[in-house]
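Accompanying notes for the structure given below.
Just follow the structure's listing: the first ligand is 1, and inside any ligand the first atom is 1. Heads up: numbering here begins at 1 and tracks the sequence.
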Amino acid sequence: MNKQNSGNTKPAKFINTNLKQRTLILLKPDAVKRGITGEIIDRFEQTGLKIVGAKLIKADRGVAQKHYKKDAAWHKKVGEYNLKDCEDLDVDPMEIFGTTDPTEIGSQVNEWLFSMFDEGPVFAFVFEGPNAVKKVRTLVGSTYPDAAPPGTIRGDYGLDSAVMSMQKKRALLNLIHASGTVEEAQEEISIWFSSEELLDYRRADEDVYHY
Ligand code: GDP
């Protein structure tokens with residue numbers, strides 16, 4: 001019998017050894033202030049992923065700096081992206097950033113990210129389950145809500161763009177942070193939660209799937 005996958009999507013690995021993968025989700029101040037946290041959490045819960053930690057927290061600058069400690073490569077990438085937007089809009093980057101150096105521009109955007117946490121509390125979660133990191137990132141969608149397709153959370157609930165955030169000199173309002181890799185998840189979870197705050201229990205789905 002032909003066991004090849006007939007669809008276009010890549011099949012999941014047959015033996016999944018990552019059943020207890022954990023990921024950090026932050027519902028950012030814009031999501032909390034808009035009162036849509038329940039709807040967003042619903043989307044993650046509906047997949048079968050399990051909440052193992054949750055808290056509403058006003059992050060101080062120290063936590064913000066640990067969480068969004070971006071490297072020079074990120075600064076350069078984001079700076080170049082913003083410079084391209086300036087060019088497309090025929091806006092002088094000197095007027096907004098006072099520089100044309102992409103790394104310096106990215107570093108300013110990084111500062112805007114720290115300030116985002118001054119705007120209000122975040123609702124922090126740890127979700128657990130098979131392939132939790134990738135599953136959550138797929139649901140969340142593109143960093144830029146104006147480019148995120150319908151069906152993704154940023155696409156369904158957001159409309160901000162790099163251009164809007166640049167003009168207002170603030171972080172992009174894209175509702176959610178979700179860990180990008182398993183290693184990043186481990187590091188980020190330890191910034192926001194102590195091990196005592198992460199609870200072990202069984203969800204009904206685990207009995208259905210026998211894991
Ligand atoms: P994410 O993993 O999708 O959140 O994307 P990144 O880790 O690359 O960026 C972290 C956060 O920085 C994003 O969620 C945005 O809030 C913000 N951000 C990223 N790119 C830009 C940008 O070009 N302009 C502004 N203002 N904020 C940005």
Atom 25 (C) of ligand 1: of Ser161, Ser142, Ser165, Ala148, the nearest heavy atom sits on Ser165
Under 4.0 Å between heavy atoms, the region of Lys70 that gets near ligand 1 turns out to be side chain
heavy-atom search around atom 6 (P) of ligand 1 in the protein gives Trp74 NE1, 3.6 Å
Any donor-acceptor N or O pair under 3.5 Å, side chains Glu184, Ser179 = no
The answer for which part of Leu173 has a heavy atom under 4.0 Å from ligand 1 is neither
Handout entry: Side-chain donor/acceptor of Lys58 to backbone N/O of Phe117, under 3.5 Å
Key = yes
The answer for which part of Leu172 has a heavy atom under 4.0 Å from ligand 1 is both
Here the gap from Tyr157 atom OH to Ile40 atom CD1, rounded to the nearest 0.5 Å, amounts to 6.5 Å
Within the 4.0 Å heavy-atom cut-off, what Glu80 brings close to ligand 1 is neither
Ranked by distance from atom 11 (C) of ligand 1, the top protein heavy atom is Leu113 CD2, 3.7 Å
Residue, atom and distance of the protein heavy atom nearest atom 21 (C) of ligand 1 read Tyr144 OH, 3.9 Å
for atom 4 (O) of ligand 1, nearest protein heavy atom and its distance come out as Arg154 NH2, 3.3 Å
I'd like to check whether Trp112 has a polar contact with ligand 1, where a contact means an N/O of the residue lying under 3.5 Å from an N/O of the ligand.
no
Margin query: Regarding Asp118 and Arg61, does a basic nitrogen lie under 4.0 Å from an acidic carboxylate oxygen?
Written below: yes
With heavy atoms and a 4.0 Å threshold, my read on which part of Arg137 contacts ligand 1 is side chain
Residue-ligand contact Lys28/ligand 1, heavy atom below 4.0 Å: yes
Looking only at protein heavy atoms, what sits closest to atom 5 (O) of ligand 1 is Thr143 OG1, 3.3 Å
among protein heavy atoms, the one nearest atom 10 (C) of ligand 1 is Tyr68 CE2, 3.8 Å
